[in-house]
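Data block below; observations after.
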Amino acid sequence: MEEATALSSDPEIALAPAPTAGARADAVPPAVGDIAARRATWEPVIGAAGTAQPNPADVKTSEHHATAGDGARIKTRLGGSGCGIR
């Protein structure tokens with residue numbers, strides 16, 4: 001029987017957050033309930049992740065909006081190859 005091993009990551013992947021780790025070391029997370037601060041913290045991160053790589057040519061998306069409890073409009077997207085969007 002094969003012995004189970006702990007999950008390990010590629011050393012290059014493990015080093016990826018290093019350039020920004022120092023800047024985040026003393027960061028205090030926004031308070032629970034501070035929606036504006038949490039949104040300001042995460043929007044740039046999510047935006048960067050969403051544009052890090054181009055969509056493949058066979059992936060179609062449609063854009064929608066949801067309304068948050070505080071009335072903010074939040075952009076959402078539906079997409080994928082073969083998901084029925086034309």
Side-chain angles (χ1 to χ4, degrees):
M1 177 175 235
E2 191 172 318
E3 188 175 320
T5 59
L7 181 64
S8 62
S9 64
D10 182 296
E12 287 184 71
I13 299 298
L15 291 174
T20 60
R24 293 189 323 261
D26 296 326
V28 177
V32 172
D34 189 346
I35 296 168
R38 289 178 176 261
R39 191 171 285 138
T41 299
W42 283 105
E43 280 185 349
V45 174
I46 293 169
T51 59
Q53 295 183 353
N55 285 337
D58 66 338
V59 173
K60 307 293 183 218
T61 61
S62 63
E63 193 168 290
H64 307 272
H65 289 88
T67 303
D70 65 353
R73 284 177 44 115
I74 300 172
K75 187 186 313 180
T76 62
R77 289 193 181 106
L78 174 66
S81 56
C83 71
I85 299 173
R86 309 225 186 280

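Basis for what follows: all heavy atoms, side chains included, without hydrogens, waters or symmetry-related copies. Sequence positions, counted from 1, serve as the residue numbers for this chain.
Without hydrogens or angle criteria, R38 side chain to A31 main chain gives a donor-acceptor distance under 3.5 Å.
Note that the CZ atom of R77 and the CD atom of E63 stand 5.0 Å from one another [nearest 0.5 Å]. Note that the NE2 atom of H65 and the CD1 atom of I74 stand 10.0 Å from one another [nearest 0.5 Å].
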